[in-house]
Amino acid sequence: GINQRELLRRVRDQQVSDVLEDYAKKSPEDLRSIIFNITGMTDPMEELGKLPKGSPEYARKLEAIGERYLNYVFTADNLLKMLLILIRIKADIPVILMGETGCGKTCLVNYLARFVLQQRFRQVNIHAGVTYLSLIHI
């Protein structure tokens with residue numbers, strides 16, 4: 001893993017140059033590579049690209065990656081949100097995401113956890129019937 005100081009250094013290094021880059025003009029692939037470069041993790045698409053198309057290994061890897069990854073479109077806004085979440089996670093600061101239904105909160109965190117950080121992601125729906133004890137037993 002990467003520690004907080006290293007993460008902040010990589011974010012800073014990505015941003016420091018003579019001219020600030022306009023991330024809104026970058027392609028989704030370029031934006032995706034930025035998050036993987038900063039975290040030091042391997043992009044599953046790079047691993048997939050090394051395998052011969054049509055091979056059983058390629059099919060297995062493609063199935064493991066899944067459609068959620070393949071259909072996720074990186075935007076400059078999503079990159080910024082992921083970086084801010086990562087900084088807070090590394091600093092042990094809780095993260096609360098709020099937004100309209102269907103705006104992409106779960107998809108963003110799922111992508112960040114599963115593909116960027118390569119961690120298990122578990123979604124918990126919070127509602128009036130959820131108790132403290134029910135959260136402890138998850």
Side-chain angles (χ1 to χ4, degrees):
I2 182 172
N3 66 37
Q4 180 186 4
R5 179 167 283 148
E6 178 64 15
L7 176 64
L8 290 171
R9 186 192 66 73
R10 289 182 184 184
V11 169
R12 184 200 67 226
D13 291 350
Q14 185 71 34
Q15 294 175 351
V16 175
S17 67
D18 293 338
V19 178
L20 290 175
E21 293 185 62
D22 185 355
Y23 288 103
K25 293 181 180 176
K26 291 197 171 286
S27 72
E29 293 79 19
D30 290 340
L31 294 170
R32 186 180 72 230
S33 70
I34 290 169
I35 192 79
F36 284 101
N37 287 338
I38 288 173
T39 60
M41 301 302 276
T42 303
D43 184 347
M45 289 302 288
E46 281 185 31
E47 292 176 8
L48 186 66
K50 295 175 184 175
L51 299 172
K53 286 187 178 182
S55 70
E57 299 159 276
Y58 185 89
R60 276 194 300 276
K61 184 72 174 174
L62 187 60
E63 186 175 331
I65 291 172
E67 284 191 38
R68 283 190 175 208
Y69 179 86
L70 298 173
N71 293 331
Y72 190 82
V73 178
F74 247 95
T75 64
D77 185 56
N78 287 351
L79 174 66
L80 177 61
K81 288 175 185 171
M82 285 186 189
L83 291 173
L84 292 172
I85 290 169
L86 282 170
I87 290 169
R88 284 168 176 79
I89 289 170
K90 294 297 180 183
D92 286 331
I93 298 171
V95 177
I96 297 174
L97 299 177
M98 295 174 55
E100 296 293 323
T101 302
C103 71
K105 301 176 297 292
T106 303
C107 199
L108 182 136
V109 173
N110 181 36
Y111 186 95
L112 180 62
R114 286 189 61 212
F115 301 112
V116 177
L117 301 174
Q118 298 171 1
Q119 298 291 317
R120 189 171 63 102
F121 176 72
R122 180 180 232 159
Q123 178 180 341
V124 178
N125 292 319
I126 305 295
H127 51 79
V130 174
T131 65
Y132 173 76
L133 289 175
S134 65
L135 290 175
I136 289 175
H137 296 293
I138 293 178

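Numbers here simply count residues along the sequence, with the first being 1. Atoms considered below: every heavy atom in the structure, side chains included; atoms not considered: hydrogens, waters and symmetry mates.
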Would you kindly confirm whether Val124 and Val130 end up in one hydrophobic cluster when ILVMFWY residues are joined by side chain heavy atoms under 4.5 Å apart?
-> yes
Spacing of CZ belonging to Phe36 relative to OG1 belonging to Thr42, to within rounding of 0.5 Å = 8.5 Å
Lys61 to Leu51 - nearest heavy-atom pair and separation = CB-CD1, 4.0 Å
Which of parallel (below 30°), tilted (30 to 60°) and perpendicular (above 60°) describes Phe115 and Tyr111?
-> tilted
Would you indicate whether the side-chain heavy atoms of Arg114 and Gln119 approach each other to under 4.5 Å?
-> no
Set of residues satisfying side chain to side chain contact (heavy atoms under 4.5 Å, CB included) with respect to Leu84, sequence neighbours excluded | Leu80, Arg88
Would you indicate whether Glu29, at its atom CD, is surrounded by more than 12 heavy atoms from other residues, nucleotides or ligands within a distance under 6.0 Å?
-> yes
Test side chain to side chain contact (heavy atoms under 4.5 Å, CB included) applied to Tyr23 and Ile34, step by step = CA-CA 10 Å; Tyr23 288 103; Ile34 290 169; 3.3 Å; yes
Side chain to side chain, Arg120 and Arg122, heavy atoms closer than 4.5 Å | yes
Inter-residue atom distance Arg60.CZ - Leu48.CG, 0.5 Å rounding = 12.5 Å
Indicate whether any N or O donor in one side chain lies under 3.5 Å from an N or O acceptor in the other, for Ser33 and Asp30.
-> no
Contact summary for Ala76 and Ala24, nearest pair of heavy atoms = CB-N, 4.0 Å
Between Asn78 and Tyr72, does a side chain to side chain donor-acceptor pair (under 3.5 Å) hold up when you go through it step by step?
-> CA-CA 10 Å; Asn78 287 351; Tyr72 190 82; 3.1 Å; yes
What is the distance from atom CD of Glu6 to atom NZ of Lys90, rounded to the nearest 0.5 Å?
-> 10.5 Å
Does Thr106 offer a backbone N or O that forms a donor-acceptor pair with the side chain of Asn110 under 3.5 Å?
-> no
Keeping to residues at least two apart or across chains, list the side-chain hydrogen bond (donor to acceptor under 3.5 Å, both in side chains) pairs with something in residues 125-134.
-> Gln123-Asn125, Thr131-Ser134
Go through the steps for Lys105 and Met98 under the test side chain to side chain contact (heavy atoms under 4.5 Å, CB included), then give the verdict.
-> CA-CA 8 Å; Lys105 301 176 297 292; Met98 295 174 55; 5.5 Å; no
Output the distance between atom CG (Leu108) and atom NZ (Lys81), rounded to the nearest 0.5 Å.
-> 7.0 Å
Under 4.5 Å between any side-chain heavy atoms of Ile35 and Phe74, yes or no?
-> yes
Positive for side chain to side chain contact (heavy atoms under 4.5 Å, CB included) with Val116, one of Ile85, Ile38, Thr39 = Thr39
Working to the nearest 0.5 Å, report the span between OG of Ser55 and CG of Leu62.
-> 10.5 Å
Please name the pair of heavy atoms, one in Val73 and one in Pro28, separated by the smallest distance, quoted to 0.1 Å.
-> CG1-CG, 4.1 Å
Got a second to check how far Met45's CE is from Lys50's NZ, nearest 0.5 Å?
-> 13.0 Å
